[in-house]
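Notes follow the structure.
Every heavy atom of this structure was used, including side-chain atoms; hydrogens, water molecules and symmetry mates were not.
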Amino acid sequence: MNLAFCLFNYFPFGGLQRDFLRIAKECIHRGHHVDIYTMKWEGERPSEFSIHEISTRGFQNHTRARNFSKKLKIILSEKKYDRVVGFNKMPHLDIYYAADTCYQAKAKQQRGFWYRFTPRYRHLIHFEKSVFSPEKKTKILLLSKQQQSEFKKFYNTQAERFYLLPPGIEKNRIAPDNAETLRNEARKKFHLKKDELLLLMIGSGFKTKGLDRILHGIHSLPKELKNRVRLFVIGKDHPNSFLKLARHLKISDKIKFLGGRDDIPNFLLAGDLLLHPAYNENTGTVLLEALAS
């Protein structure tokens, strides 16, 4: 089959992006052709794909997404793909991989009444309706059963359009037979003392993942325990506001921001505790990865 895979932005360390890449590679492995359409691609460009970056204008994310969708519509009408697969909510999809939660539910539960009059809200609801409205035919790949009940509640989406996927992680997240040796080597590399406790926060989007909660939690620890704690924050986001908070709480010496990384298995083996007090989360694959390690 000739497939079009569509997502707004690709960067190497996001959970959605990692799922996207695994699925695209599996499709290639099974003999299909995959063209990728995105506004921006960061990192290595796999040679087995045709990656098309669509330039867009706009000062805000939702404006750029709307322009991307308009240009994509023209391309799809010309190319005539067998299936169009989306990893963000947008029009013109045959299949949607539902990595994100229901935006309508979040907006009504977490935002005030007046938020629903903003251009951003109207745009995001329009894109969500273009996938989930009953008159649409888009097939929906779910990661969480809870998602289905929320989308059905707000959009009356037909049950037969949902397909619940089993949880999946990469095999290199599973602890090998020599896990203890690798753990000791990793802790030595990271200059961790034997009595130090390594806390991990792994995930892009520090605000959503609840990093502020983690910092307040460390601040509130008993002095003796706090002295033994170190926190490694791994993921792509801007750390400045959290560095400021850490300084205010007088724990900045406990925290290291390491950016996005591709050697996560080493940290999972070296760590003592994964912290994931997210404000909003769909599946939290990193929880499974931590268990498997």
Apply side-chain contact (heavy atoms from CB on, under 4.5 Å) to the pair Val85 and Tyr96, showing each step before the final yes or no.
CA-CA 6 Å; Val85 185; Tyr96 168 61; over 6 Å; no
Decide, yes or no, whether a salt bridge links Glu42 with Lys236 under the criterion of side-chain N to carboxylate O below 4.0 Å.
yes
Compare every heavy atom of Lys254 with every heavy atom of Val229, then report the nearest pair and how far apart it is.
O-CD, 3.1 Å
All heavy atoms of Cys27 vs all of Val34, minimum pair found to be CB-CG2, 4.0 Å
Joint cluster assignment, Ile51 & Met90, ILVMFWY side-chain distance < 4.5 Å
no
Hphob cluster co-occupancy, Leu76 + Leu7, side-chain heavy atoms under 4.5 angstrom
no
Donor-acceptor check, side chain of Glu78 to backbone of Ile75, threshold 3.5 angstrom: yes or no?
no
Test log, rule side-chain contact (heavy atoms from CB on, under 4.5 Å), inputs Leu287 and Thr285:
CA-CA 5 Å; Leu287 303 177; Thr285 302; over 6 Å; no
Arg111 vs Tyr121, side chain to side chain donor-acceptor pair (under 3.5 Å): CA-CA, chis, key distance, verdict
CA-CA 10 Å; Arg111 301 281 187 169; Tyr121 173 84; over 6 Å; no
Counting only N and O atoms by type, is there a donor-acceptor contact under 3.5 Å from the side chain of Glu128 to the main-chain atoms of Tyr103?
yes
If I take atom NZ from residue Lys256 and atom CD1 from residue Ile234, how far apart are they, to the nearest 0.5 angstrom?
11.0 Å
Under the 3.5 angstrom rule, does the side chain of Gln147 hit a backbone N or O of Ala98 as a donor-acceptor pair?
yes
NZ/Lys73 to NE2/His92 distance, rounded to the nearest 0.5 angstrom?
5.5 Å
Using modelled atom types and a 3.5 Å cut-off, is there a donor and acceptor pairing between side-chain atoms of Asn67 and backbone atoms of Arg57?
yes
Would you call Leu211 and Phe257 a side-chain contact if the rule is heavy atoms closer than 4.5 Å?
yes
Go through Asn61 and Arg64 one step at a time and tell me if the side chain to side chain donor-acceptor pair (under 3.5 Å) criterion holds.
CA-CA 5 Å; Asn61 288 336; Arg64 292 190 291 271; 2.3 Å; yes
For the residue pair His219 and Lys226, establish whether any side-chain heavy-atom pair is separated by less than 4.5 Å.
yes
Should Leu231 and Val233 count as side-chain neighbours, where that means a heavy-atom distance under 4.5 Å?
yes
What one should report as the nearest heavy-atom pair of Val84 and Cys6 is CG1-SG, 3.8 Å
Closest heavy-atom contact between Lys89 and Phe127?
O-CD2, 3.0 Å
Reported CG-to-NZ distance for the pair Asp94 and Lys136, which is rounded to 0.5 angstrom
12.0 Å
Connected via hydrophobic side-chain network under 4.5 Å: Leu215 and Leu273:
yes
Should we count CD of Glu160 as having more than 12 external heavy atoms under 6.0 Å?
yes
For Glu26, is there an ion pair with Arg22 - N to carboxylate O distance below 4.0 angstrom?
no
Can we say Arg183 and Asp272 salt-bridge, meaning some charged N sits less than 4.0 Å from an Asp/Glu carboxylate O?
yes
Single-linkage hydrophobic cluster, 4.5 Å side-chain cutoff, Leu165 and Ile140 together:
no
Do the ring planes of Phe232 and Phe267 sit parallel (below 30°), tilted (30 to 60°) or perpendicular (above 60°)?
perpendicular
Decide whether Tyr37 and Phe8 are clustered together by the hydrophobic rule: side chain heavy atoms of Ile, Leu, Val, Met, Phe, Trp, Tyr closer than 4.5 Å, transitively.
yes
Roughly how far apart are Asp35 CG and Asn2 CG, rounded to 0.5 Å?
6.0 Å
Main-chain N/O of Tyr115 paired with Thr118 side-chain donor or acceptor, under 3.5 Å
yes
Under-4.0 Å salt bridge between Arg45 and Glu53:
yes
Between Gln104 and Lys153, is there a donor-acceptor pair closer than 3.5 Å when you use the side chain of the first and the backbone of the second?
no
Main chain of Gln146, side chain of Glu150: is a donor-acceptor contact present, judged purely on distance under 3.5 Å?
no
Exam field: side chain Arg83 to backbone Leu3, donor-acceptor pair closer than 3.5 Å:
no
Evaluate the side-chain proximity of Met1 to Tyr81: yes if any heavy-atom separation is below 4.5 Å, no if none is.
no
So, taking the atom named CD in Glu135 and the one named NZ in Lys129, what distance separates them when rounded to the nearest 0.5 Å?
9.0 Å
With a 4.5 Å limit on heavy-atom distance, are the side chains of Met39 and Thr56 in contact?
yes
Shortest non-hydrogen contact from Phe68 toward Thr38:
CE1-C, 3.6 Å
With no hydrogens and no angle check, is any side-chain donor or acceptor of Ser133 less than 3.5 Å from a backbone partner on Ser130?
no
Checking side-chain contact (heavy atoms from CB on, under 4.5 Å) for the pair Ile36/Phe20: CA distance, chi angles, key distance, verdict?
CA-CA 10 Å; Ile36 295 170; Phe20 153 81; 3.5 Å; yes
Approximate separation, where rounding is to 0.5 Å, of Ile255 CD1 and Arg230 CZ:
11.5 Å
So does Asp253 have more than 12 non-hydrogen atoms from other groups sitting under 6.0 Å from CG?
yes
Does a side-chain heavy-atom distance below 4.5 Å link Phe151 with Phe162?
yes
Other residues, nucleotides and ligands only: do more than 12 of their heavy atoms fall within 6.0 Å of NE2 on His32?
yes
With a 4.5 Å limit on heavy-atom distance, are the side chains of Ser293 and Arg173 in contact?
no
Under a 4.5 Å cut-off applied to non-hydrogen side-chain atoms, are Leu268 and Glu289 in contact?
yes
Between Phe154 and Phe132, does the ring centroid distance fall short of 6.0 Å?
no
Hey, is the main chain of Lys193 close enough, under 3.5 Å, to the side chain of Glu196 for a donor-acceptor pair?
yes
What's the verdict on side-chain contact (heavy atoms from CB on, under 4.5 Å) for Lys25 and Glu48, showing C-alpha distance, side-chain angles and the deciding distance?
CA-CA 8 Å; Lys25 286 184 175 181; Glu48 59 263 49; 3.9 Å; yes
Closer than 4.0 angstrom, basic N to acidic O: yes or no for Asp263 and Arg261?
yes
Can you name the nearest heavy-atom pair linking Val131 to Leu93, along with the distance?
CG2-CD1, 4.3 Å
Short N-O contact, Asp262 and Arg18, less than 4.0 angstrom
no
Do Phe5 and Phe87 make the cut of ring centroids closer than 6.0 angstrom?
yes
